[in-house]
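Reviewing the structure listed below.
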Amino acid sequence: MHSTILVTGGAGYIGSHTLVALLEDGHRVVVLDDLSNASPAALARVGEIAGKPVQLIRGDVRDGALLDQIFAMHPIDCVLHLAGVKAVGESVANPQKYFEINTQGSLALFSAMQRAGVARAVFSSTATVYGAPEFVPLTEAAALRPESPYATSKLAVEYMLAGFARAHSWRAINLRYFNPVGAHPSGRIGEDPLGEPANLFPYIAQVAGKRRQILSIFGNDYPTADGTCERDYIHVCDLAAGHVAAVNYLLNHAMPGECPAVNLGTGQAYSVLQVLAQWQATCGFDIAHQIAPRRAGDVPSYFANPAGAQSLFGWRARQDLARMCADHWAWQQQNPHGYNAD
Ligand code: WQD
C-alpha cells in the first residue's frame with residue numbers, strides 16, 4: 001500500500017536515511033525541517049539514491065498554522081516525528097531550549113494532527129530515558145530514570161503521545177534508539193555534526209580523516225572488561241529499516257489506542273577500545289588516541305534487549321560493527337567536510 005508519511009526532521013542524520021528506506025519501500029514522503037542542524041544537500045542526495053525528488057517544507061515544528069497548512073495540502077497517513085535537539089550536555093546548560101523545541105514542538109505537532117484527523121505517529125525517543133540501568137540488557141519494561149533535560153524532554157513526549165493515542169484512538173509507537181552510527185553504503189549521506197563532534201563515531205572519523213588530531217578516550221577505569229564504556233551501536237540503515245517496519249505496523253496491524261515503547265538496538269555492546277580497534281582495522285592505520293578523564297554523566301555499560309521490535313513488527317538489526325565502521329569511514333572520506341562543499 002502506498003502511503004504518505006510526514007517526516008519532521010527529515011533532512012537530519014537519521015531522517016535522511018529513513019527517507020531512503022521509506023521511498024525504497026514505496027511510500028511517499030513530505031519533509032518538514034527548519035535546517036537548524038541539517039543541510040538541503042542531504043535531501044537532494046536522498047532523491048538521487050532513491051531516484052525520486054524529495055520535497056522540503058522549511059519550517060518550525062512549533063508553527064501550528066504551517067502544520068495546519070501541511071495537513072490540509074497533503075493526505076498524510078502517518079507522521080514520523082524526528083525533529084528535535086539532541087545534545088545531552090547542552091540540555092543541562094539550557095533546559096529551556098530542550099523543553100521548547102522537543103516537548104512544546106511535539107505538543108504543537110500532535111495538536112495539529114488532532115485538528116486534521118491524522119491518527120498515526122512514530123516518535124523518535126532515546127535509550128537515555130532509562131538512565132543508569134539496574135539490569136542489562138534493557139527491556140522496554142526497565143525503570144525510567146532520565147538524568148538530563150534532554151532525556152526528560154523526550155520521555156515527556158512519550159507520555160504525551162500515549163495520552164493522545166488513548167484519548168483519540170491513534171495508533172502510535174515510541175522508538176527508543178540506542179547509539180546510531182554509520183552511513184548509507186553509497187557514502188552519499190551520513191552524519192554531519194556542527195562543530196566539534198560530541199559522539200564517538202564522528203570523532204574517530206574526523207581523527208582518521210586528519211580533520212582532528214587525537215581522540216580522547218573518556219575514562220579507562222570503568223567496571224567493564226577493558227575499563228572503557230560499553231554501548232549498543234546500531235547501523236543507521238538498520239535504524240531506518242526499523243522506522244519503516246514501525247510505520248507499516250501502524251498502517252496494517254496496530255490496534256487503535258496503542259502506543260508501545262520499542263527499543264531499536266542490536267543487543268550487543270562494544271567498548272570504546274573495541275570500537276577503536278575495529279576502526280583501525282577498517283582504515284588500515286593507527287588512529288591517534290589518549291586516555292582522558294571520565295566524561296560527566298557517562299554510565300559504564302548499557303545495551304538493548306531488542307526482542308520487542310522483533311515480536312511486534314518483525315524487525316532486527318543486521319549489520320555488524322565492521323560494517324558500521326566501513327560505511328562511516330566511506331562517508332567521511334568522500335565528504336571530509338560534510339555537506340559543506342555542496
Ligand atoms: C559513546 C562512548 C563516551 C566521544 C549519546 C547520547 C544519547 C544518544 C547517542 C541521542 C562513551 C565515549 C565519546 C569521545 C569517548 N543520542 N567517547 N571519546 O554518550 O552513549 O550517547 O549519543 O539520543 O542520547 O547521550 O554516545 O558516542 O557520545 O559516547 O571516549 O570523543 O564513547 O565516553 O563511553 P553516548 P557517545
Side-chain angles (χ1 to χ4, degrees), residues 9 12-15 37 81-92 98 101-102 123-133 136 138 144-155 157-158 174-182 191 193 195-208 211-236 239 242 261 263-266 268-279 287-304 321 324-325 328:
Y13 172 46
I14 293 165
N37 185 22
H81 181 35
L82 276 57
V85 280
K86 59 168 186 173
V88 177
E90 182 191 50
S91 81
V92 176
Y98 281 71
I101 297 177
N102 291 353
F123 173 60
S124 158
S125 188
T126 168
T128 53
V129 297
Y130 297 118
V136 284
L138 284 156
L144 301 173
R145 304 191 186 100
E147 283 173 12
S148 64
Y150 164 70
T152 323
S153 74
K154 288 285 192 177
L155 185 55
V157 179
E158 286 197 17
N174 288 308
L175 293 179
R176 294 180 180 155
Y177 308 158
F178 282 70
N179 287 56
V181 299
E191 185 171 17
E196 186 174 356
N199 301 115
L200 183 63
F201 265 65
Y203 209 102
I204 294 179
Q206 293 193 6
V207 176
R211 188 169 159 187
R212 300 200 181 264
Q213 281 192 322
I214 188 163
L215 169 74
S216 290
I217 295 173
F218 299 140
N220 67 347
D221 57 352
Y222 284 97
T224 58
D226 65 22
T228 63
C229 292
E230 298 167 341
R231 295 288 180 274
D232 185 339
Y233 298 95
I234 172 170
H235 195 295
V236 66
L239 196 77
N263 289 338
L264 291 185
T266 65
Q268 167 83 48
Y270 289 102
S271 72
V272 177
L273 287 174
Q274 286 175 315
V275 169
L276 179 64
Q278 180 57 59
W279 265 93
I287 294 172
H289 60 277
Q290 63 193 359
I291 304 299
R294 290 183 177 194
R295 183 174 71 176
D298 277 339
V299 302
S301 179
Y302 68 89
F303 54 101
L321 184 65
M324 299 178 208
C325 296
H328 207 121

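Computed from a prediction, not measured in an experiment: that's the story for all the values here. The residues of the chain are indexed from 1 along the displayed sequence. Just follow the structure's listing: the first ligand is 1, and inside any ligand the first atom is 1.
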Could you list the residues that satisfy side chain to side chain contact (heavy atoms under 4.5 Å, CB included) with [X], not counting sequence neighbours?
| X | value |
| --- | --- |
| Leu200 | Ile204, Leu215, Tyr233, Val272, Val275 |
| Thr128 | Thr126, Tyr150, Ala151, Tyr302 |
| Cys325 | Phe201, Gln278, Trp279, Thr282, Leu321 |

Checklist entry - Any donor-acceptor pair under 3.5 Å linking the side chain of Lys154 with the backbone of Ser124? => result yes
Need the list: ligand 1 N/O atoms against protein N/O atoms, distance under 3.5 Å, rounded to one decimal.
unit_1   : atom_1 : unit_2 : atom_2 : d
ligand 1 : 18 (N) : Ser216 : O      : 2.7
ligand 1 : 19 (O) : Arg295 : NH2    : 2.7
ligand 1 : 20 (O) : Asn179 : ND2    : 3.0
ligand 1 : 20 (O) : Arg231 : NE     : 2.6
ligand 1 : 22 (O) : Asn199 : ND2    : 3.2
ligand 1 : 23 (O) : Thr126 : OG1    : 3.1
ligand 1 : 23 (O) : Tyr150 : OH     : 2.6
ligand 1 : 26 (O) : Asn179 : ND2    : 3.1
ligand 1 : 27 (O) : Leu200 : N      : 2.8
ligand 1 : 28 (O) : Ala198 : O      : 3.4
ligand 1 : 28 (O) : Asn199 : ND2    : 2.9
ligand 1 : 28 (O) : Arg295 : NH1    : 3.2
ligand 1 : 28 (O) : Arg295 : NH2    : 3.0
ligand 1 : 29 (O) : Arg295 : NH2    : 3.4
ligand 1 : 30 (O) : Ser216 : O      : 3.3
ligand 1 : 30 (O) : Phe218 : N      : 2.9
ligand 1 : 33 (O) : Asp298 : OD2    : 2.5

Item to check | Donor-acceptor side-chain pairing of Glu230 and Thr224 below 3.5 angstrom | outcome: no
Checklist entry - Taking the side chain as C-beta and beyond, is there a heavy-atom pair between Thr266 and His235 under 4.5 Å? => result no
